[in-house]
Student: 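Once you've had a glance at the structure underneath, I'll fire off some questions.
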Amino acid sequence: MANYSKLKAFSRVILAAGLVFFFSGTISGCKPEIVPSDQDLIKAYLDNHDEYERVAQLILAEPNPSFDVLINKEPVYQGSSNPPVSRPTWSACQQVMRRTFCLAVQRRARTIFFIFHEHNSADYFRRKALIYDEQGFKDPVWTERGGLNSSLRYAEVPLPTSDSSKPNTRWRLEYKYDKH
């Protein structure tokens, strides 16, 4: 009988430990997503500059001007024209995303977004992305703007040379906040 009570006490301890482990895992899973710092993003870009340039050129050569490539998933098209993204482009996007904690790549006409964080809930920081614009952000849409519903902020990305005071004319870091 003494062994039975010891076994019963031991099983209670095991059950309690299991519940604590389960709930601590559940609670820690609800923590907010970690957004990479600007320094981390710039370092990832500088460390992989040639690869980013190569991927941008491959994407711009694709016939569909609007699509997303998600990590480990096939391209998702926007619009009615859905020519296939070539395997080399898809592969290059995946390599960049795996190497630089990039979550997705989006193409919108002649502009490419390398997205590092995206949160679609209302009142939250929505997106941080590295942007490549073939026209050097000459279009008026790239002027700073803000209002009651949204605000956009762009930071210049330094050139991958010893002179980091000169911005790269085709690359910017974007922070986008939306209130839905």
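In this text the structure is predicted, and so the values were computed from the model without any measurement.
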Student: Measure across Cys102 and Ala104 and return the closest heavy-atom pair with its distance rounded to 0.1 Å.
Tutor: SG-O, 3.3 Å
Student: Ignoring hydrogens and geometry, is there a side-chain-to-backbone donor-acceptor pair from Lys128 to Ile115 under 3.5 Å?
Tutor: no
Student: Indicate the atoms forming the closest heavy-atom contact of Pro158 with Leu46, along with that distance.
Tutor: O-CD2, 4.0 Å
Student: Mind checking the CZ-CZ spacing from Arg172 to Phe137? Nearest 0.5 Å is all I need.
Tutor: 5.0 Å
Student: Could you walk me through whether Phe101 and Asp40 satisfy the side chain to side chain contact (heavy atoms under 4.5 Å, CB included) test, starting with their C-alpha distance in whole Å, then the side-chain angles of each, then the deciding distance to 0.1 Å, before giving a yes or no?
Tutor: CA-CA 10 Å; Phe101 48 80; Asp40 288 342; 4.0 Å; yes
Student: Nearest 0.5 Å please: distance from the CG atom of Asp47 over to the CD1 atom of Ile42.
Tutor: 11.0 Å
Student: Would you compute the distance between atom CZ of Phe113 and atom OG1 of Thr111 and round it to the nearest 0.5 angstrom?
Tutor: 6.0 Å
Student: Under a 4.5 Å side-chain heavy-atom rule over Ile, Leu, Val, Met, Phe, Trp and Tyr, are Val96 and Leu58 clustered together?
Tutor: no
Student: To the nearest 0.5 Å, tell me how far Thr89 OG1 sits from Gln57 CD.
Tutor: 11.0 Å
Student: Only counting residues at least two apart or in another chain, list the ones meeting side chain to side chain donor-acceptor pair (under 3.5 Å) with Glu53.
Tutor: His49, Trp171
Student: Got a list of side-chain donor-acceptor pairs under 3.5 Å for residues 70-77, not counting sequence neighbours?
Tutor:
residue : atom : partner : partner atom : Å
Asn72   : OD1  : Arg98   : NH2          : 2.9
Tyr77   : OH   : Pro83   : O            : 2.6
Tyr77   : OH   : Val85   : N            : 3.0

Student: Could you grab the distance from atom CD1 of Ile59 to atom CZ of Arg54, nearest 0.5 Å is fine?
Tutor: 10.5 Å
Student: So, for Thr100 and Asn48, which heavy atoms are closest and what is the spacing to 0.1 Å?
Tutor: CG2-ND2, 3.3 Å
Student: So do Arg110 and Leu60 actually touch side chain to side chain, heavy atoms under 4.5 Å?
Tutor: yes
Student: About how many Å separate CG of Asp38 and CZ of Phe116, when rounded to the nearest 0.5 Å?
Tutor: 11.0 Å
Student: Checking side-chain polar atoms at under 3.5 Å, does Ser86 have a donor or acceptor matched by the opposite partner on Glu62?
Tutor: yes
Student: Looking at Ala44, is its backbone amide N or carbonyl O close enough to the side chain of Arg99 to form a donor-acceptor pair, meaning the two atoms are under 3.5 Å apart?
Tutor: no
Student: Taking Asp133 for the side chain and Gly136 for the main chain, is one N or O donor matched with an acceptor at less than 3.5 Å?
Tutor: yes
Student: Which heavy atom of Asp68 sits nearest to which heavy atom of Gln78, and what is that distance?
Tutor: OD2-NE2, 3.6 Å
Student: Closest approach of Tyr175 and Ala155, non-hydrogen atoms and distance?
Tutor: CE1-CB, 4.1 Å
Student: Of all the heavy-atom pairs spanning Cys93 and Val69, show the shortest one and how long it is.
Tutor: CB-CG1, 3.9 Å
Student: May I ask you to decide if Asn64's main-chain N or O and Arg107's side chain share a donor-acceptor pair within less than 3.5 Å?
Tutor: yes
Student: Carefully, step by step, assess Ile112 and Val105 under the rule side chain to side chain contact (heavy atoms under 4.5 Å, CB included).
Tutor: CA-CA 7 Å; Ile112 299 157; Val105 179; 3.8 Å; yes
Student: In sequence, state the C-alpha distance, the side-chain angles, and the governing distance for Tyr52 and Phe114, and then conclude on ring-ring contact (aromatic ring centres under 6.0 Å, His included).
Tutor: CA-CA 9 Å; Tyr52 274 113; Phe114 294 90; 4.9 Å; yes
Student: With no hydrogens and no angle check, do the side chains of Glu51 and Tyr45 hold a donor and an acceptor under 3.5 Å apart?
Tutor: no
